[in-house]
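To find a chain, count down the sequence lines: A is the first, B the second, and so on, and within it residues start at 1. Computed from heavy atoms alone, side chains included, the values below leave out hydrogens, waters and symmetry copies.
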2 protein chains.
Amino acid sequence: MKRAEGRSTCPTNFTVETFGDSWSLLIMRDLLTLGKHTFGEFLRSEERIGPSVLADRLARLERSGVIVRTPSETDARKVTYSATERGIAAIPLLYEAARWGRGGVPVEEDDPWEAVMAMDRHDVLDAWQQAVREGGSLFGGAESAFARLIARARADA
Amino acid sequence: MKRAEGRSTCPTNFTVETFGDSWSLLIMRDLLTLGKHTFGEFLRSEERIGPSVLADRLARLERSGVIVRTPSETDARKVTYSATERGIAAIPLLYEAARWGRGGVPVEEDDPWEAVMAMDRHDVLDAWQQAVREGGSLFGGAESAFARLIARARADA
DNA sequence: GGCATTGACTTTGATCATCGTAGTGACCTA
DNA sequence: TAGGTCACTACGATGATCAAAGTCAATGCC
């Protein structure tokens with residue numbers, strides 16, 4: 001945190017203050033592309049975030065208004081985190097982050113991003129944001145945007 | 001730096017490892033939108049980066065292949081930093097960062113971003129990337145992409 | 001040629017953040 | 001009621017960041 005609040009009124013700087021650290025954007029990725037929703041799921045991310053940093057980042061993202069924390073109704077131990085509309089609005093940013101990052105990472109044959117990047121950008125963003133509004137994500141779960149996009153592509157062919 | 005090299009092969013993580021800190025993306029903003037090119041210009045950024053951190057980030061961005069360091073031919077004290085093609089490819093990311101950030105910052109009447117966001121995204125990205133290839137930037141300098149876009153918009157009207 | 005200045009960094013020492021590991025305590029499950 | 005799960009906290013060591021001052025070559029000005 002530190003001097004982070006309001007170094008300037010530049011929009012880019014605002015984005016940097018919200019997502020410009022080693023973990024915040026990865027948490028948003030887990031939430032929005034993989035459909036992770038609980039502390040434990042985020043903890044088990046590929047990049048191995050520690051619990052103290054995770055707790056701090058979730059609190060910050062909540063304070064920033066991009067995610068909400070909701071205690072589970074069925075299990076009082078559990079808490080679910082989900083994206084607000086402001087968080088959903090960051091999906092194009094995440095999309096461009098994934099697109100640019102593809103150029104620096106080995107191409108994997110069956111990476112679903114390969115298929116996604118071949119689709120129309122606007123279609124992808126629409127389906128993705130809609131899926132998140134309905135509790136889904138890009139790749140995670142049965143009602144994933146990816147599944148819907150693939151089905152539509154097949155139908156059009 | 002630290003454990004930063006290759007936590008995973010996820011493209012989003014690769015982007016985070018390159019730009020995911022408080023300063024790297026702001027340096028790219030200064031370079032690509034404002035047309036700054038020298039150490040001193042970056043130092044005088046609105047957000048007041050310190051010289052040691054700036055030196056470190058410039059070195060990292062160079063190692064990442066998004067910028068190049070070139071000693072000036074006319075003045076042997078000076079060094080100019082400019083974007084590589086890989087850096088130019090990050091322009092859509094910067095565009096989305098600015099777009100998302102607009103929602104968290106007070107709207108300023110004469111902010112050129114307001115005008116840019118009203119234009120066609122594809123046109124803006126094209127003109128912007130072309131301007132950078134020619135040594136310009138989005139807003140900085142006479143041959144700015146912004147000036148060109150405004151002129152074209154006026155001609156079309 | 002001398003001298004203040006510019007420009008690109010380094011150095012330094014104090015402060016701050018992050019890391020990994022080990023809890024803690026409420027809660028559910030058998 | 002014993003054992004596990006879950007969402008965090010606490011902690012000490014390590015690493016990054018900060019502001020301010022300093023280095024040093026190159027330049028502009030007289």
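- A straight line from CD1 of A:Ile49 to P of C:dT18 spans 10 Å, rounded to a whole angstrom.
- A close approach under 4.0 Å does occur between a side-chain nitrogen or oxygen of B:Arg57 and OP1 or OP2 of D:dT17.
- Phosphate proximity of C:dC9 to B:Arg69: present, with a side-chain N or O under 4.0 Å from OP1 or OP2.
- Relative to the side chain of A:Ala55, the nucleotides D:dA19, C:dC28, D:dC8 differ in distance, and D:dC8 lies closest.
- A 4.5 Å side-chain heavy-atom check between A:Met28 and A:Ile67 finds at least one atom pair inside the cut-off.
- Following rounding to the nearest Å, A:Asp75 (CG) and C:dT29 (P) show an atom-to-atom distance of 6 Å.
- DNA chain D is contacted by both B:Gly50 and B:Arg77; B:Gly50 maps to the nucleotide lying nearer its 5′ end (nearest heavy atom per residue).
- The phosphate of D:dA16 (OP1 or OP2) has no side-chain N or O of B:Trp23 nearer than 4.0 angstrom.
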Item to check | Intermediate values then yes/no, side-chain contact (heavy atoms from CB on, under 4.5 Å), A:Val116 and A:Leu149 | outcome: CA-CA 9 Å; A:Val116 168; A:Leu149 285 160; 5.6 Å; no
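- For the pair A:Pro51 and A:Thr74, nearest-nucleotide mapping onto DNA chain C gives the more 5' position to A:Pro51.
- When the C1' atom of C:dA8 is taken as reference, atom CD1 of B:Ile67 falls 14 Å away, rounded to whole Å.
- Of all nucleotides listed (D:dC6, C:dT21, C:dC28), D:dC6 comes nearest to the side chain of A:Lys78.
- Applying the 4.0 Å criterion to OP1 and OP2 of D:dC8, one finds that A:Tyr81 has a side-chain N or O inside that range.
- Across all strands, B:Thr38 comes closer than 4.0 Å only to sugar-phosphate atoms, never to a base (heavy-atom distances).
- When side chains are defined from C-beta on, A:Asn13 does not count as touching B:Glu46, because their heavy atoms never get closer than 4.5 Å.
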